[in-house]
Amino acid sequence: MRRVLAGVLATSVVAGLVTLAAHASPRAAADEPVVVVSSTFDDGTAQGWTSRAGEVVEPSTAVARSGTHGLAVTGRAQSWQGPTLSLLDKAQKGIRYDLSVWVRLAAGEAPTQARLSVERRTAGTPSYDQVVGDTAVTANGWVNLRGSYTLAADVDFLATYVELSSATASLHIDDFALSYTPLPPIQTDIPSVKDVLAAHFAVGAAVETAQLLNNHGQLLAKHFNSITPGNTLKWDATEPTEGAFRFTDAETLVAWAKANGAAVRGHTLVWHQQTPAWVFKDAAGNDMTATPENKALLLSRLEAHIRGVVGHFGDDIGVWDVVNEVVDENQADGLRRSKWFEITGLDYLRTAFRVAREVAPNARLVINDYNTNVPAKRDKLYDLVVKLRAEGVPIDAVGHQMHVNVQWPALAETEAMLTKFAALGVDQQITEMDVSIYTDNSQSYPTPPADVLLTQAYRYRDFFELYKKHAADISSVTLWGLADDSTWLDSFPVTRKDHPLLFDTRLQAKGAYWGVVDPGRITSTTTTTTTTTTTTTTSMTMPPVRCTVDYRVGGQWQGGFQAEVRITNATTTAIDGWTLAWSFPDGQRISQLWNGAHTQDGAAVTVKHASWNSALPPGGSVSFGFLGTWTGSNGKPGPFTLNGTRCVG
């Protein structure tokens, strides 16, 4: 996994001022949110909110988002100081709560960023979880911080709080609410994914401890026979300070796996992210530079960490992502310029695999990376694996993350990836798969469109059919998440609700599930909002995607822009001669086009192949680009048709 998921962590929420409803009874409507706490401050009290340190927290009529009062916070001396609300004795484990609070800065304060966080303590040891990440706030208006949180373990202390990037800025909050929506039972009358794929490979999900409980735990046990701890085995979780190992959350996941007959993939021992700062400090406490002494110190820390973590779990974890994301295809040698590489060169890779093999001689050791379907990155990773294996470095498997979307990548590129590494005789694993419903950062759907979810279903179908075709080379396929209610894509690369997995936010099977289990039953889609689920059944199965178009504006300036268009043949039949058509929404005009010939009549554009790029093989792609003009707006064109057939674009 490439980064921490903000907003979906390992603890939960409730408490405070006015309890509007007790936790729902079994008779509560399945799709109706239950409000547990509401803080409006209109009674002129702080309603249970206090300060975290020496700041002043008091009701105020200076500004209020609604009603007559808000809560003013002044006298802040440190960024983490802010208003806090005790949550202890209110939270129930395994319930996913929604937290919402409105924030603005006091008059005259400079713009900064706000966060909503939770502090929990177990046996006096504090942990800090981010519910909502850095969000721009000003003195000019209210900003909503809204996120979700689930309690996964018993705690001695639990509180939510608002903090700012600025140490001294004063702020106001108002209209805090904590609620949850009871989940319906999981579907027990549908095939288990793990059973359907049992003859091909293991199938897993990346989870945190909260997802072992209640409905989530039932869903996990029914459909998956492998789990990957999403964050609890990373360095910052297992050894936050040197020599002080923490395994409680990871042990919980491993114990669940053993009790439910599931395998565990250990993720990850070495990464350039989520590594504590102390790891890269020299003996004097300064940032390391590339010296022989620092190299020796860093490699000794690496060895001690791997011996501590891998040795602790022994044979309970049979697969380890030993190193994660070490390739940079833009470098001549293909190696990421991380602190690991800058200080030790390739020796950190050699050390990591050597020590992991010594400590866990029976485990399968994996080098894991993303975008391995991209030819340049694929080839750099391939060359690295060949080099290291030739030296005797014990790399048993290559992990392909496969964070993809409803248009990208082409199946042909993915098959080329699998074929490339099959020649080495190494095992291959799909380690972090999800299929985003978005194709660019500008998109955001309040509710995912039915046609997009159907396209996603067929993408899952096609990828899993490809995996089954190459099952002799693939030992496992892991999805990066259990259901759409908890996905890293909600906050990366931009904040918006994504729906990339097999089960929706209510843990019900989507078209994507049927794409994996029984494509002939892709006849309905489930669209999910934060509080409701709507199922729409169609009388006909949507035909498979026949072509995709990736339209990207590479550069834009006053009155002009440059764009690139990529067409992919998503069928198994070659196309001999292509013509792509679309309409511009804002009066754009093409002034120059390359790799094709164009005509334009008003908004309507037609681009025909050039003599040298007329062929589109199955799964193949072709690209062209153009210069254009615009005034006022430069919206994305569409719909796209290829030789008269509607494309996804």
- Query: Around K222, counting heavy atoms of other residues, nucleotides and ligands shown, do more than 12 lie under 6.0 Å from its NZ?
  - Reply: yes
- Query: Mind checking whether F584 and F561 have parallel, tilted or perpendicular rings, split at 30° and 60°?
  - Reply: perpendicular
- Task: Could you tell me whether the side chain of T138 and the main chain of N140 form a donor-acceptor pair under 3.5 Å?
- Result: yes
- Message: Counting the benzene-type ring for Trp, do H403 and W408 have ring centres under 6.0 Å apart?
- Response: no
- Item | Nearest-0.5 Å distance, CH2 of residue W102 to CZ of residue R146 | 9.5 Å
- Query: Any side-chain heavy atom of T573 sitting closer than 4.5 Å to one from P618?
  - Reply: no
- Message: Students often mix this up, so state it plainly: with edges at 30° and 60°, are the rings of F464 and F201 parallel, tilted or perpendicular?
- Response: tilted
- So, is the end of the R65 side chain (NZ or CZ) under 6.0 Å from the ring centre of W142 and within 45° of the ring's axis? no
- Side-chain heavy atoms of I522 within contact of L454, under 4.5 Å: yes
- pair N613-W578: side-chain heavy atoms closer than 4.5 Å: yes
- Message: For K510 and D484: C-alpha separation, side-chain torsions, deciding distance, then whether salt bridge (charged side-chain N to carboxylate O under 4.0 Å, His left out) applies.
- Response: CA-CA 10 Å; K510 296 163 49 183; D484 287 345; 2.8 Å; yes
- Query: Any sub-3.5 Å donor-acceptor pair from T487's side-chain atoms to L489's backbone N or O?
  - Reply: yes
- Message: Does any part of the side chain of V366, heavy atoms only, come nearer than 4.5 Å to the side chain of V322, both counted from C-beta?
- Response: no
- Task: Give the C-alpha distance, both sets of side-chain angles, the deciding distance and a yes or no for side chain to side chain contact (heavy atoms under 4.5 Å, CB included) between E329 and R336.
- Result: CA-CA 8 Å; E329 67 273 31; R336 180 185 291 276; over 6 Å; no
- Message: Assess, by modelled atom type and distance only, whether the side chains of D189 and Q187 contain a donor and an acceptor separated by less than 3.5 Å.
- Response: no
- Task: Taking all heavy atoms of I367 and all of V385, pick out the closest pair and write down the distance.
- Result: CG2-CG2, 4.0 Å
- Query: So how far is it from N371 CG to M417 CE, rounded to the nearest 0.5 Å?
  - Reply: 10.5 Å
- How many angstroms lie between CH2 in W514 and CD1 in I190, if you round to the nearest 0.5 Å? 5.5 Å
- Is there a side-chain contact between D550 and V565, using heavy atoms and a 4.5 Å cut-off? no
- Message: side-chain hydrogen bond (donor to acceptor under 3.5 Å, both in side chains) for N373 and T414? Distances and angles first, verdict last.
- Response: CA-CA 5 Å; N373 54 280; T414 307; 5.3 Å; no
- Query: Taking the six-membered ring for Trp, are the ring centroids of H223 and Y513 within less than 6.0 Å of each other?
  - Reply: yes
- Message: Just checking Y460 against Y467, ring centres under 6.0 Å apart?
- Response: no
- Please lay out, stage by stage, how K380 and Q331 fare under the test side-chain hydrogen bond (donor to acceptor under 3.5 Å, both in side chains). CA-CA 9 Å; K380 295 292 189 182; Q331 300 291 338; over 6 Å; no
- Task: Please test H216 against D485 for side-chain hydrogen bond (donor to acceptor under 3.5 Å, both in side chains), starting from the C-alpha separation and ending with a verdict.
- Result: CA-CA 10 Å; H216 289 83; D485 67 327; 2.7 Å; yes
- Message: Contact between R506 and T181 at the side-chain level, heavy atoms closer than 4.5 Å - yes or no?
- Response: yes
- Task: List the atom of P409, the atom of V404, and the distance in Å for their closest heavy-atom pair.
- Result: CD-CG1, 3.3 Å
- Message: For D379, is there any backbone N or O sitting under 3.5 Å from a side-chain donor or acceptor partner on K420?
- Response: no
- Test item: D369 side-chain N/O and V326 main-chain N/O as donor-acceptor pair under 3.5 Å: yes
- Counting distance only, does the side-chain N/O of R115 pair as donor-acceptor with the main-chain N or O of Q113 below 3.5 Å? no
- Task: Give a yes or no answer on whether the side chain of N569 reaches the backbone of P617 with a donor-acceptor pair at less than 3.5 Å.
- Result: yes
- Can we say D440 and R552 salt-bridge, meaning some charged N sits less than 4.0 Å from an Asp/Glu carboxylate O? no
- Output yes when a side-chain donor or acceptor of S192 lies under 3.5 Å from a complementary backbone atom of D195, and no otherwise. no
- Task: Report the C-alpha separation of T439 and Q443 in whole Å, then their side-chain angles, then the decisive distance to 0.1 Å, and conclude whether the side-chain hydrogen bond (donor to acceptor under 3.5 Å, both in side chains) test is met.
- Result: CA-CA 7 Å; T439 60; Q443 295 174 316; 3.2 Å; yes
- Apply salt bridge (charged side-chain N to carboxylate O under 4.0 Å, His left out) to R265 and D321, showing your working. CA-CA 7 Å; R265 297 189 75 264; D321 288 334; 2.6 Å; yes
- Classify the ring geometry between Y438 and Y445 as parallel (under 30°), tilted (30 to 60°) or perpendicular (over 60°). parallel
- Could you give the distance from CG (D451) to CD1 (I437), rounded to the nearest 0.5 Å? 10.5 Å
- Among H470, K469, R378, which one satisfies side-chain contact (heavy atoms from CB on, under 4.5 Å) with L418? H470
- Aromatic F224 / basic K194 pairing, under 6.0 angstrom, 45° off normal: no
- Task: Mind running side chain to side chain contact (heavy atoms under 4.5 Å, CB included) on V323 and N368 for me, showing each step along the way?
- Result: CA-CA 6 Å; V323 297; N368 189 50; over 6 Å; no
- S614 side-chain N/O to A610 backbone N/O, donor-acceptor pair under 3.5 Å: no
- D498 bridged to R496 by N-O distance under 4.0 Å: no
- Determine the minimum heavy-atom distance between P585 and P637, stating which atoms define it. CD-CA, 3.8 Å
- Item | Side chain D504, main chain L507, donor-acceptor under 3.5 Å | yes
- Task: For side chain to side chain contact (heavy atoms under 4.5 Å, CB included), just list the numbers for V207 and T228, CA-CA rounded to whole Å, side-chain angles, deciding distance to a tenth of an Å, and then say yes or no.
- Result: CA-CA 6 Å; V207 293; T228 297; over 6 Å; no
- Among pairs that include at least one residue of residues 584-600, which meet side chain to side chain donor-acceptor pair (under 3.5 Å), considering only residues two or more places apart or in two chains? Q588-N634
- Donor-acceptor side-chain pairing of Q401 and E325 below 3.5 angstrom: yes
- Return yes when atom CG of D601 has more than 12 non-hydrogen atoms of other residues, nucleotides or ligands closer than 6.0 Å, and no otherwise. no
- Are F421 and H400 close enough that their ring centers fall under 6.0 Å? yes
- Message: Whether the E208 and N231 side chains hold a donor-acceptor pair (N or O, under 3.5 Å, no angle test) is what I'd like checked.
- Response: yes
- Message: What's the separation between atom CD1 in I430 and atom OG1 in T372, rounded to the nearest 0.5 Å?
- Response: 7.0 Å
- Task: With side chain to side chain contact (heavy atoms under 4.5 Å, CB included) as the test, would you mind laying out the steps for E432 and H267 before giving the verdict?
- Result: CA-CA 11 Å; E432 304 183 17; H267 178 83; 3.3 Å; yes
- So do the side chains of L335 and L346 get within less than 4.5 Å of each other, counting heavy atoms only? yes
- For the residue pair T548 and R566, establish whether any side-chain heavy-atom pair is separated by less than 4.5 Å. no
- Taking K377 for its side chain and Y370 for its backbone only, find out whether a donor-acceptor pair lies under 3.5 Å. yes
